[in-house]
Protein chains: 2
Amino acid sequence: MSDIDSAEEVVLDPEREAATKAQVFAAAERLFALNGFQNVSVRDITAEAGVNLASVNYHFGSKDALLYEIFRRRTAEMNRERARMLHQAADRHGGKPPVRDILEALFAPPLRWSNPAHERRISVQFIIRARSEGTEAMKETLRTDVSHLKRFADALIAALPHLPREDIYWRLHFALGMLHNNRFAEFDRLHVLSDGATREADVDGLLRRMIDFAEAGFLA
Amino acid sequence: MSDIDSAEEVVLDPEREAATKAQVFAAAERLFALNGFQNVSVRDITAEAGVNLASVNYHFGSKDALLYEIFRRRTAEMNRERARMLHQAADRHGGKPPVRDILEALFAPPLRWSNPAHERRISVQFIIRARSEGTEAMKETLRTDVSHLKRFADALIAALPHLPREDIYWRLHFALGMLHNNRFAEFDRLHVLSDGATREADVDGLLRRMIDFAEAGFLA
DNA sequence: TCCATTCTCAAACAACCGTTCGAGAGCCCC
DNA sequence: GGGGCTCTCGAACGGTTGTTTGAGAATGGA
């Protein structure tokens, strides 16, 4: 093939085979995060990615399998980052971090990644959507794969030895509720409610507010 | 038409005209609450209600209009009950109820209605779903119609005069997050996490736990 | 009794969905 | 240079979706 032809139309380079799959993955994550799972068709994804319609089924098997692969990869990354911060907090405090540091390890990764300037902003939106709109397979995973949450529950039990375990689990549930409710629509409501007095959410300020509230709840 | 024929097949009584609309409404609410908004077709609804397929469009205009009417009626009922409890709390405390009573007025109606024995259990599930899976029209309503929340914000401002209003709004946002996260799937996760040690949720115990946690957060 | 209104019903419509198929292009290795 | 493998592409398939249509039954008032 001559140079002239290759200049007119993109030819397949060695990376292209993997490139198509990666482009489908990225386009799907972006569209799902923005418009919801049910409102995005396979045709939307392939059009956005600039690839053929059959690519989704060829590379991922099915639309649901593609959704699940995005979900699994992104939640794994999030859990890894949380575990890393919890581990660092344990190192700082001789293996027994206080409630405040545990909550920071739980809240900070999703909040920091939600920053408009952060590249993983889309991934956080995707994960949030998966919690409510996800396939039954996703919800089943969220329901039964709690090993990563167990680390946080154990750390809280060590930090609050006087508190019954049942209380710890419930309060962890409440803290996660505070976090998962942070959608964009809810921020708008807050803005309307305060007649515009509430600033646009800077994530570090929000993180501090959430930790303050949840810490008091755990120490009650 | 003879008596024999009318015994074989149900004839139209005077109430029947309204009955069809009510049956569609009830069947739609039940199916949407159980299976999600996108996973229920008009055919599912009319089959469950035992009416003709065209009934939905005839009585409600469209599927989305039916959804929105259920949403509007149920949220209005919920808001009314919350306002009633807040009003009662104000009467008990000379017009200035403490944080604890305000939180109870906010949490108790949806929690009590979630009780398996309560007839409005389905309605609560529907409302919860509307918050995440709802039409854009529903979310717009949730976003802009905050008049009912303003009553609670004002009561909290009166109860916590030393706290900046911006903090009040944020902490109200957190408290609502705790509440809205109470889905059935999340309860399952809690159960798995605690190795079955956590009892089945009795709503009064859960209500007390939530108020304890949120009250401490507000008083922090 | 007759007309107008309201409602039900079976059938069809057009659009969109996820998935599959067969042909063919490009590539590597023998 | 030829066979095998991977991947892309346009086209089509079967199914489901929300909505519309036109005819007919039942009802209430004149």
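The chains referred to below are lettered A, B, ... by the order of the sequence lines, with proteins before strands, and numbering in each begins at 1.
The cationic atom of B:Arg120 (NZ for Lys, CZ for Arg) does not lie both less than 6.0 Å from the six-membered ring centre of B:Phe126 and within 45° of the ring axis.
Counting to the nearest Å, the P atom of C:dG18 and the CG atom of B:Asn39 are 13 Å from each other. Here D:dC13 presents its C1' atom at 13 Å from CG of A:Leu53, a figure rounded to the nearest Å. The NZ atom of A:Lys21 sits 9 Å away from the P atom of D:dC7 (whole-angstrom rounding). Across the protein-nucleic acid pair, B:Arg43 atom CZ and C:dC13 atom C1' stand 11 Å apart, rounded to whole Å. When the P atom of C:dC9 is taken as reference, atom CD of B:Gln23 falls 10 Å away, rounded to whole Å.
Between B:Thr20 and C:dT8, a side-chain N or O to OP1/OP2 separation shorter than 4.0 Å is present. A close approach under 4.0 Å does not occur between any side-chain nitrogen or oxygen of A:Asn57 and OP1 or OP2 of C:dG18. OP1 and OP2 of D:dT16 both lie 4.0 Å or more from every side-chain N or O belonging to B:Ser41. OP1 or OP2 of C:dC7 has not a single side-chain nitrogen or oxygen of B:Ser55 nearer than 4.0 Å. The side chain of B:His59 contributes no N or O atom lying less than 4.0 Å from OP1 or OP2 of C:dT6.
Judged by distance alone, the side chains of A:Ser123 and A:Glu29 do bring a donor and an acceptor atom under 3.5 Å apart. Between the side chains of B:Asn52 and B:Ser55, no donor N or O sits under 3.5 Å from an acceptor N or O. For A:Tyr58 and A:Thr20, the side-chain atoms include no donor-acceptor pair closer than 3.5 Å.
When each of C:dT6, D:dT19, D:dC9 is scored by its nearest atom to the side-chain atoms of A:Asn52, the top-ranked nucleotide is D:dC9. Between C:dC17, C:dC7, D:dT8, one nucleotide has an atom nearer to the side chain of B:Tyr58 than all others, and that is C:dC7.
Annotation: of the two residues near DNA chain D, B:Asp44 and B:Ala54, the 5′-most nearest-nucleotide partner is B:Asp44.
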